Number of protein chains: 2
Amino acid sequence: MLRISKFTDYGTVILALMAHNPASTHSAASVTRQVGLPGSTVSKLLKMMSRSGLLTSCRGKQGGYTLAKAPQEISLAEVIEALEGPIGITECSRQNGLCQVESHCAIRRQWQGVNGVIHNALQQVSLATLMHPPAVTEAEAIDTSAHKEPCTTQRISV
Amino acid sequence: MLRISKFTDYGTVILALMAHNPASTHSAASVTRQVGLPGSTVSKLLKMMSRSGLLTSCRGKQGGYTLAKAPQEISLAEVIEALEGPIGITECSRQNGLCQVESHCAIRRQWQGVNGVIHNALQQVSLATLMHPPAVTEAEAIDTSAHKEPCTTQRISV
DNA sequence: ACCATATAGGACTATACTGGTACTGTATAA
DNA sequence: TTATACAGTACCAGTATAGTCCTATATGGT
C-alpha cells in the first residue's frame, strides 16, 4: 500500500482546518466539532502534534492549541515525521545491520535514492499548499469559538 | 514510517537477484539459498509475484521461476503494486466515500497530487536501475543451479 | 480561594495486519 | 512411475494501529 497511517491523515486534516485561522486558538472540543472524528482521537492527535512542536498549547479556560508556525512553513514531511517517526521507505533506508542479506544487497543505495525523492516531494508540499483549491467553505467551517484570541501566555505577555 | 512492507522489500531483493540472470530459471530452493531468507517466505513471495505476472513459473523437475520481462521493464511501482496492492498514500487517494469529513476536506485533491509524484518516482526506477551500483559479486552470487535453461514449456516450444 | 474548563500524560483494549509455517494437491521431466 | 518443484490455502504468533478512559495539572473568571 505504501501509505501513511489514518492517524497521520487525520492529523493533516486537523492542521489544514486550523490553518484557516492560523493565529487563533482552537480547543480540542471545537476541532472535534468541526472535524467529525472521535473526540478522544482528536485530542490524542493534538497532544502528539503539540509535543512534537507543530502546535503550541495552552491549558485552562480559553486554552487550546495554535499552529506553531505559519501554514507555509509546515511541510507534509514534518507532519508525517511528527506523527509516525522518520520517513524510511525500507527499514534499511536509515540503518545498517538490520538486514541479513546486506552483503548481497546491491539495492540499498538505490532505495535510499527513492526515499530521498519521496521525502523531497513531501517537503515541497506545505500546509498552505494543501488547502489551496477551494477556500470555499471557510465561513461555514469556522464556528465562533474558533475566533477567540490566543491565550495570554502565548503572546509575549506583560 | 511511510514504508513498504518487509515482504515487498524482500521481493525486490529476490527480483534483483534473479535479474542477474534474467533468462534462466530459478527454483525456489536456489533463490532461498542465495538470498538467506526463510524458505517458506521466499516461495510465498515467488508465488505471489508469479500470480501477478512479474514472473513466469514452470512446475516439475527442472522447474522454477523466470522474470516475465526484461529488468529494464520492471518498475518498483509494479513490484509494490503486485505485492501490496495499488499505491495510495492515503485511503482516500483512490476511493471516495470512505472519509466522514470529505465535505470539509479541501485536502484530498492535494494528497492525490502527492501520491502521483511518489508513484512517478517509483515508476522511474526499474529493476535494472536498482542493481546498478556494484555488479561486483555476480559470479559469486550465482550458484550453478541458476544456470539451467528455462523449461521447455516456456519457450514457444515445439 | 474556588471552580469550571481544558490540556498532559498515561495505561489499556480490541482489532487488523504482517511475517512466517505447514500441509495437500498438481504438473513436469527423467 | 517417481522425484521434483510449483499452487493454493489454512493457520498462528507477534506487533502495530485505532480508539477509549482516567487522573493530574494549569489557567481564567467569579
Side-chain angles (χ1 to χ4, degrees), chain A residues 1-11 25-33 35-52 55-66 83-85 90-91 98-100 145-146 148-155 157-158, chain B residues 1-11 13 25-33 35-52 55-66 83-85 91 98-100 145-146 148-155 157-158:
Chain A
M1 300 148 194
L2 181 71
R3 65 157 179 248
I4 58 172
S5 70
K6 256 191 218 173
F7 254 56
T8 309
D9 196 348
Y10 294 165
T25 300
H26 306 257
S27 73
S30 105
V31 172
T32 300
R33 230 175 303 128
V35 96
L37 293 170
S40 27
T41 301
V42 169
S43 56
K44 191 177 182 181
L45 277 165
L46 288 168
K47 272 182 270 184
M48 289 172 82
M49 294 194 285
S50 102
R51 209 176 322 155
S52 41
L55 303 176
T56 57
S57 67
C58 176
R59 292 184 177 187
K61 235 176 170 171
Q62 312 288 21
Y65 297 91
T66 317
L83 290 174
E84 38 189 69
T90 57
E91 296 189 40
L98 288 176
C99 176
Q100 325 160 38
S145 65
K148 66 194 175 194
E149 290 283 297
C151 59
T152 39
T153 42
Q154 254 157 22
R155 317 185 220 169
S157 62
V158 180
Chain B
M1 303 154 189
L2 182 73
R3 64 157 179 251
I4 58 172
S5 69
K6 258 191 215 172
F7 253 56
T8 308
D9 196 347
Y10 294 166
V13 173
T25 300
H26 307 257
S27 74
S30 105
V31 172
T32 300
R33 231 174 302 130
V35 96
L37 293 170
S40 26
T41 301
V42 170
S43 55
K44 192 178 183 179
L45 277 165
L46 289 167
K47 271 184 269 186
M48 288 171 82
M49 293 194 285
S50 101
R51 208 176 321 156
S52 42
L55 302 176
T56 57
S57 66
C58 176
R59 292 184 176 187
K61 235 176 169 171
Q62 312 291 17
Y65 297 91
T66 316
L83 291 174
E84 38 190 70
E91 296 189 41
L98 288 177
C99 177
Q100 327 159 38
S145 65
K148 66 194 175 192
E149 290 283 300
C151 60
T152 37
T153 40
Q154 254 158 19
R155 315 185 220 169
S157 62
V158 180

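Owing to the predicted nature of the structure, the values given are computational and were not obtained by experimental measurement.
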Which of these nucleotides, C/dT18, C/dT28, C/dT7, is closest to any side-chain atom of A/Ser27?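 The answer is C/dT7, which lies nearest to the side chain.
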Return the nearest nucleotide to the side chain of B/Ser57; candidates are D/dC6, C/dG19, C/dA6.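 In terms of side-chain proximity for B/Ser57, the closest of D/dC6, C/dG19, C/dA6 is D/dC6.
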Holding to side-chain hydrogen bond (donor to acceptor under 3.5 Å, both in side chains), I want the full list of residues that pass it with A/Ser5, two or more places apart in sequence or in another chain.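 Listed in chain order: A/Thr8, A/Glu84.
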Check whether any side-chain nitrogen or oxygen of [X] sits under 4.0 Å from OP1 or OP2 of [N], and answer yes or no.
X	N	value
B/Tyr10	C/dT18	no
A/Ser43	C/dT7	no
A/Ser50	C/dT7	no

Whole Å only: how far is the [atom1] atom of [X] from the [atom2] atom of [N]?
X	N	atom1	atom2	answer
B/Leu45	C/dT18	CG	P	13 Å
A/Met49	C/dA8	CE	P	12 Å
B/Met48	C/dT18	CE	C1'	11 Å
A/Ile4	D/dA16	CD1	P	19 Å
B/Leu83	C/dG20	CG	C1'	15 Å
A/Phe7	D/dT20	CZ	P	9 Å
A/Leu55	C/dT7	CG	P	11 Å
B/Tyr65	D/dA5	OH	P	12 Å

What's the spacing between [X] [atom1] and [Y] [atom2] if we round to 0.5 Å?
X	Y	atom1	atom2	value
A/Thr32	A/Leu46	OG1	CG	7.5 Å
A/Ser57	A/Arg51	OG	CZ	10.5 Å
A/Ser30	A/Tyr65	OG	OH	12.0 Å

Using a 4.0 Å heavy-atom cut-off across all strands, classify A/Ala29 as base, sugar-phosphate, or nothing.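 The residue A/Ala29 makes no contact with any strand.
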With heavy-atom distances below 4.5 Å as the criterion, would you say the side chains of B/Gln62 and B/Thr25 are in contact?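 No; the side chains remain at least 4.5 Å from each other.
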Test of understanding: with side-chain contact (heavy atoms from CB on, under 4.5 Å), list the residues that count as partners of A/Thr41, not counting sequence neighbours.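 side-chain contact (heavy atoms from CB on, under 4.5 Å) list for A/Thr41, sorted by chain: A/Phe7, A/Tyr10, A/Pro38, A/Leu45.
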Assuming nearest nucleotide by heavy-atom distance, tell me which of B/Gly60 and B/Ser5 is located more 5' along DNA chain C.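 So the residue in question is B/Ser5.
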Mind listing the closest non-hydrogen atom pair of A/Ser43 and A/Ala28 along with its distance?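 Of all heavy-atom pairs spanning A/Ser43 and A/Ala28, the closest is CB-CB, 4.2 Å.
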Are there any protein N/O atoms within less than 3.5 Å of an N/O atom in nucleotides 21-26 of chain C, and if so, which ones and at what distance?
residue	atom	partner	partner atom	Å
C/dT21	OP2	B/Ser40	OG	2.9
C/dT26	O2	B/Arg59	NH1	3.1

